Amino acid sequence: MIFLVILLLVLFPHTVCKAHIVKCNVCHPYPPHHKYHQSGNFIIGGIASQTFILSNSIAFTEEPTPELFDEFVVLTKNYQHILAFIFAVKEINENPQILSNVTLGFHIYDNYFNAEWTFHATMLLLSSLERFVPNYKCDFQNNLTSVIGGLDSQTSLHVATILSIYKIPQLIYGPAPVMKGKTSGLSFYQMTPNEVIQNKGILSLLLHFSWTWIGVLIMDNDDGERFLQTVSPMFFQSGVCFAFIERIQIATTAIEILDILKQGAKIHDQIMGSKANVLVVYGESYSMVSLEWLPYLPEVENVTKEPKGKVWIMTAQMELTSMVFQRTWAIDMFHGAVSFTLHSSDPPGFRQFIENMHPSSTTADGFIKDFWQQAFVCGFPNNVLENKVENDNMEKYVCVGEEKLENLPAPFFEMSMIGHSYSIYNAVCAVAHALHGVSSSRLRHRAIMDGEFWNQPFWQCEKSKTLLSNCTLFSFLALFLFIKLHHFLRGLSFNNSAGDTVSFDQNGELVAGFDVTNWIISSNQSFHRVKVGRVDPLALPDQAFTISEDAIIWNSWFNQVRPLSVCSQSCSPGSRKKMKEGEPFCCYDCIPCPEGEISDQKDMNDCFKCTDEKYPNKNQDLCIPKDTQLLSFEEPLGLSLAYFAVSFSLITSLVLGTFMKHHNTPIVKANNRNLTYTLLASLLLCFLCPLLFIGHPGKVTCLLRQTAFGIIFSVAVSCVLAKTIMVILAFMASRPGSSMRNWVGKRLANTVVVSCSLIQVGICFVWLATSTPFPDVDLHSGTKEIVLECNEGSMPLLYCVLGYMGFLAISSFTVAFLARNLPDNFNEAKCITFSMLVFCSVWLLFIPTYLSSKGKYMVAVEVFSILASSAGLLGCIFFPKCYILVLRPELNNRELLRRRKC
């Protein structure tokens with residue numbers, strides 16, 4: 001497109017230049033009421049937003065009457081925007097290091113917050129000075145290089161609609177407009193940070209103070225709806241609900257004001273009647289007028305004169321403006337408000353500059369007189385307000401022009417540069433630095449910056465061929481200047497006189513964050529701002545939002561206590577939320593966690609179980625580590641069992657030693673010495689087996705304890721069985737002519753013991769070969785403890801080992817019971833019967849006791865059963881014999897033993 005324009009300029013210079021060489025005698029339909037011009041080699045246009053026109057209609061087909069301007073209200077605080085613009089141009093012109101040999105000028109027009117006036121002001125910037133002829137250059141005194149404006153997105157959109165045709169850079173100091181669903185790219189540059197940063201900052205603020213139940217006030221326009229659609233998913237995902245959403249209508253005419261105020265009364269009642277103590281307000285500064293008027297509107301009933309406090313969270317565009325309408329109105333309802341504001345600093349000399357501003361100091365400023373009259377409530381002679389002053393009997397309030405701006409309350413005018421003014425100041429500086437970049441980039445570009453060239457009287461070219469060529473060159477250079485300005489503005493970075501770095505990214509957006517400001521309303525209707533935090537997009541994620549909670553002054557309603565804004569009170573740990581049917585997810589009841597589950601934080605949606613290594617405490621808000629449990633030598637139970645095991649082992653050793661000492665005596669010979677020694681040795685090992693069950697389970701102990709116990713006990717019971725069989729065979733062999741004598745002897749006894757024991761050995765071998773026991777941890781059998789145990793590997797094989805021992809014991813008991821009445825003096829079947837009865841009783845009781853026990857007590861039951869059954873065998877079989885051997889040796893006589901039973 002650019003190359004096509006250049007081609008047209010080269011091929012058809014007369015045609016293209018015709019728009020410039022035709023002498024134009026058409027004037028503007030009417031001059032703008034508020035304007036400010038200053039000549040210069042390069043002109044920066046400005047779209048100001050200072051005045052509300054409250055007329056019912058505005059038409060451009062006829063010249064406006066003076067009465068039109070009787071119905072306007074000046075937003076006095078916005079006059080600082082114009083002063084910041086003028087100060088920046090003055091500072092640039094006085095600094096030869098930025099622009100040399102050329103000067104900056106400006107044309108500033110008021111858009112009156114109205115679309116038609118905005119389009120008109122934009123066309124004035126594109127027309128010749130004082131001649132409303134769009135697309136025609138009647139002279140070259142208006143060398144427009146860029147436009148700064150506007151305050152709201154709609155104004156910026158209207159301006160961009162026209163400027164984008166000419167590719168003229170537009171630097172906006174309000175929110176970015178949306179053109180056809182996307183920003184207009186190179187047409188404008190945003191002097192405020194991206195709103196996405198602000199939205200994330202608002203969410204961070206809400207989450208920091210745990211405000212989950214909020215009201216939302218938005219403007220009833222596309223910007224408000226876009227804000228709502230943007231933040232709703234973010235807020236809902238983070239657990240923030242909307243108690244209500246209200247839309248504020250904007251009054252554009254005097255007739256609409258009363259209707260909007262009455263509608264605002266309903267909004268006021270909704271705000272004050274809601275449990276939500278926090279309100280997020282998105283809108284322009286003038287959108288708050290309807291709410292600020294409510295406490296003083298006589299037509300509206302049921303409006304609280306002293307409303308309860310709320311925390312107002314406002315976006316960067318919001319300003320207190322109501323006091324420009326009525327000085328006596330209170331703004332206490334906004335005390336303690338938190339606002340996301342544009343960062344600002346005071347450039348050196350700015351305060352002195354505005355202190356020297358007076359209506360008499362300049363005649364070109366078309367804004368200052370109306371500002372002065374509105375701010376100081378006075379009137380100038382020969383002014384449209386003069387009649388009103390006289391009619392109201394206010395002749396004594398005549399403006400003298402020497403009133404002091406520093407005496408004005410802050411809601412009317414601030415001496416320190418506010419955020420929007422600082423953005424305008426930086427916008428002018430950005431244009432100047434871009435022009436400097438064009439001038440210093442290459443030598444051939446310096447012709448563009450030649451002040452004498454731009455001041456040539458090209459309107460006199462008429463039909464001169466030479467001048468036509470110059471006119472074509474002028475158009476070419478103007479287009480080339482815009483292209484180069486866009487090039488240097490993208491990615492521009494510089495330090496302003498206030499010491500701040502101003503830079504754009506490649507999308508034309510300012511690389512900056514927001515300040516979090518607390519509004520402090522004083523009793524004298526003034527206020528001041530206190531910076532309490534910061535949103536910095538360039539910081540680390542956990543440091544992007546910072547706030548000093550102690551520095552915040554809350555509304556007096558809260559008595560300086562941190563405000564709460566929740567639909568339901570927080571569920572304490574140990575309980576969970578139960579949603580209320582038909583209400584937002586922020587409204588819920590609290591119910592205790594089910595048994596065995598906990599919640600360790602507030603407002604949890606679900607309870608959860610502890611890990612296997614932990615268990616819930618009594619309040620169900622904490623998982624406590626389980627105690628490690630095992631049958632150890634350090635605790636009384638384990639120590640007692642170990643003591644009995646060692647004691648019985650020593651007793652068994654003494655019995656064995658006693659029998660070996662008296663091995664040639666009749667009583668030892670009569671009880672089959674080899675079987676007796678084998679039985680005592682196995683019983684000795686049986687008493688030592690419990691030591692494998694006590695203590696920390698290890699690989700070796702887990703491998704040996706059940707198998708060793710099974711094999712040793714099988715040997716012991718096999719010995720008892722062999723003894724019983726030998727008794728029966730001995731009785732049968734004592735009969736005359738019996739063939740059983742060949743079976744009586746050591747070979748039979750050894751065969752019984754070895755064969756019965758080998759079967760158990762085979763079972764244990766299969767067990768160890770297929771499913772080896774190993775150390776394990778039981779996390780579930782105990783509620784509050786972790787049991788260290790041996791995993792037996794295969795429970796069926798363990799039951800086979802125990803079952804086989806039971807089979808041997810029952811067999812021994814049965815055989816001994818049948819042989820108890822045999823008439824043999826050396827028959828010890830009764831003693832064996834009684835010992836096996838004890839043995840079987842112990843192990844029959846073991847089964848239910850073992851299965852009903854948990855943890856270390858299961859091991860203790862098994863150890864006790866081993867000791868009890870072994871002690872039963874030892875006591876019942878060997879105690880009578882030891883009594884004779886040790887205490888009654890005289891009874892150890894063959895003749896006497898024939899008369900005894902055991």
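Bear in mind the structure is a predicted one, so any value in this text is a computation, not a measurement. Starting from 1, each residue takes its place in the sequence as its number.
Contact record, Gln229 with Pro233: O-CD, 3.2 Å, taken as the closest heavy-atom pair. What you find for Ile866 and Ser870 is that their closest heavy atoms are O-OG, 2.7 Å. Counting all heavy atoms, side chain and backbone alike, Val842 lies closest to Ser865 at CG1-O, 3.6 Å. The minimum heavy-atom distance linking Cys586 with Val240 is given by the pair SG-C, 4.0 Å. Here the shortest heavy-atom pairing between Ile832 and Ala816 reads CG2-CB, 3.7 Å. Minimum interatomic distance between Arg562 and Phe209 (heavy atoms only, all atoms of both residues): NH2-CA, 2.8 Å.
Judged purely by atom type and a 3.5 angstrom limit, Arg673 uses its side chain to pair as donor or acceptor with the backbone of His663. Put simply, the side chain of Lys626 gets close to the backbone of Asp612: a donor and an acceptor are under 3.5 Å apart. Here the side chain of Ser682 pairs a donor or acceptor atom with the backbone of Leu679 at under 3.5 angstrom. Side chain of Thr701 to backbone of Gly698: a donor-acceptor contact under 3.5 angstrom is found. Side chain of Ser771 to main chain of Ser794: a donor-acceptor pair is present (N/O by atom type, distance under 3.5 Å, no hydrogens or angles). Without hydrogens or angle criteria, Asn277 side chain to Pro563 main chain gives no donor-acceptor distance under 3.5 Å. Trp767 contributes a side-chain N or O that, together with a main-chain N or O of Glu792, makes up a donor-acceptor pair within less than 3.5 Å. Between the Ser565 side chain and the Trp213 main chain, a donor and an acceptor come within less than 3.5 Å of each other. Between the side chain of Asp621 and the main chain of Ser599, no donor-acceptor pair closer than 3.5 Å is present. Ser575 contributes no side-chain N or O that, together with a main-chain N or O of Cys571, makes up a donor-acceptor pair within less than 3.5 Å.
Side-chain contact between Lys602 and Pro573 is present, with heavy atoms from C-beta onward closer than 4.5 Å. Considering only heavy atoms from C-beta on, Glu862 comes within 4.5 Å of Gln706 through its side chain. When side chains are defined from C-beta on, Cys623 does not count as touching Thr611, because their heavy atoms never get closer than 4.5 Å. Ser204 has its side chain out of reach of Val535: every pair of non-hydrogen atoms, C-beta onward, lies at least 4.5 Å apart. Contact of the Thr676 side chain with the Phe878 side chain is registered, since non-hydrogen atoms from C-beta on lie closer than 4.5 Å. Residues Ile877 and Val720 form a side-chain contact, since some pair of their non-hydrogen atoms from C-beta on lies under 4.5 Å apart. Met604 places none of its side-chain heavy atoms less than 4.5 Å from the side chain of Lys577. The closest side-chain heavy-atom distance from Leu703 to Lys699 is not below 4.5 Å.
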Problem - Worked verdict on Glu785 versus Lys856 for salt bridge (charged side-chain N to carboxylate O under 4.0 Å, His left out) - result: CA-CA 10 Å; Glu785 60 275 336; Lys856 65 180 180 180; over 6 Å; no
Problem - CA sep, side-chain torsions, deciding dist, call: Asp536, Gln543, side-chain contact (heavy atoms from CB on, under 4.5 Å) - result: CA-CA 8 Å; Asp536 187 0; Gln543 300 175 356; over 6 Å; no
Exercise for the section: With side-chain contact (heavy atoms from CB on, under 4.5 Å) as the test, would you mind laying out the steps for Leu203 and Ser238 before giving the verdict? Expected result: CA-CA 8 Å; Leu203 178 59; Ser238 300; 3.5 Å; yes
Exercise for the section: Kindly indicate, with the supporting measurements, whether the criterion side-chain contact (heavy atoms from CB on, under 4.5 Å) is fulfilled by Leu639 and Glu634. Expected result: CA-CA 6 Å; Leu639 184 62; Glu634 288 79 13; over 6 Å; no
Handout entry: Verdict with reasoning, Leu637 to Tyr857, per side-chain contact (heavy atoms from CB on, under 4.5 Å)
Key = CA-CA 9 Å; Leu637 180 59; Tyr857 297 104; 4.1 Å; yes
Practice task
Might you work through the side-chain hydrogen bond (donor to acceptor under 3.5 Å, both in side chains) test for Glu595 and Gln620, ending with a clear yes or no?
Solution key: CA-CA 8 Å; Glu595 185 177 357; Gln620 292 182 280; over 6 Å; no
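Enclosure of atom CE in Met234 by more than 12 non-hydrogen atoms of other residues, nucleotides or ligands within 6.0 angstrom is indicated. Annotation for Lys580: atom NZ counts as buried by contact number, over 12 foreign heavy atoms lying within 6.0 Å. Taking a 6.0 Å sphere around CZ of Phe774, one finds it holds more than 12 heavy atoms contributed by other residues, nucleotides or ligands. Heavy atoms of other residues, nucleotides or ligands lying less than 6.0 angstrom from CD of Gln569 number 12 at most. Other residues, nucleotides and ligands contribute only 12 or fewer heavy atoms inside 6.0 Å of the CZ atom of Phe765. Crowding of Tyr804 atom OH: a count of heavy atoms from other residues, nucleotides or ligands under 6.0 Å exceeding 12.
Cysteine sulfur proximity is not satisfied for Cys567 and Cys241, their SG distance being 2.5 angstrom or more.
The distance from the NZ atom of Lys723 to the SG atom of Cys831 is 10.0 Å, given to the nearest 0.5 Å. With rounding to the nearest 0.5 angstrom, the CG atom of Asn605 is 14.5 Å from the NZ atom of Lys578. Between the CZ atom of Phe839 and the CG atom of Leu873 there is a distance of 6.0 Å, given to the nearest 0.5 Å. To the nearest 0.5 Å, atom SG of residue Cys840 and atom CE of residue Met805 are 11.5 Å apart. The CD1 atom of Ile202 sits 7.5 Å away from the CG atom of Leu206 when rounded to the nearest 0.5 Å. Between atom OG1 of residue Thr707 and atom CG of residue Leu797 there is a gap of 12.0 Å, rounded to the nearest 0.5 Å.
Residues that satisfy the side-chain contact (heavy atoms from CB on, under 4.5 Å) test with Val196, not counting sequence neighbours, are Asn194, Lys200.
Proximity of the aromatic rings of Phe864 and Phe846 is defined here by a centroid distance below 6.0 angstrom, and this criterion is not met.
Sorted by first and then second residue, the ring-ring contact (aromatic ring centres under 6.0 Å, His included) pairs involving residues 582-625 (not counting sequence neighbours) form an empty list.
Of the candidates Phe648, Phe713, Phe709, Phe644, Phe687 forms a ring-ring contact (aromatic ring centres under 6.0 Å, His included) with just one, namely Phe648.
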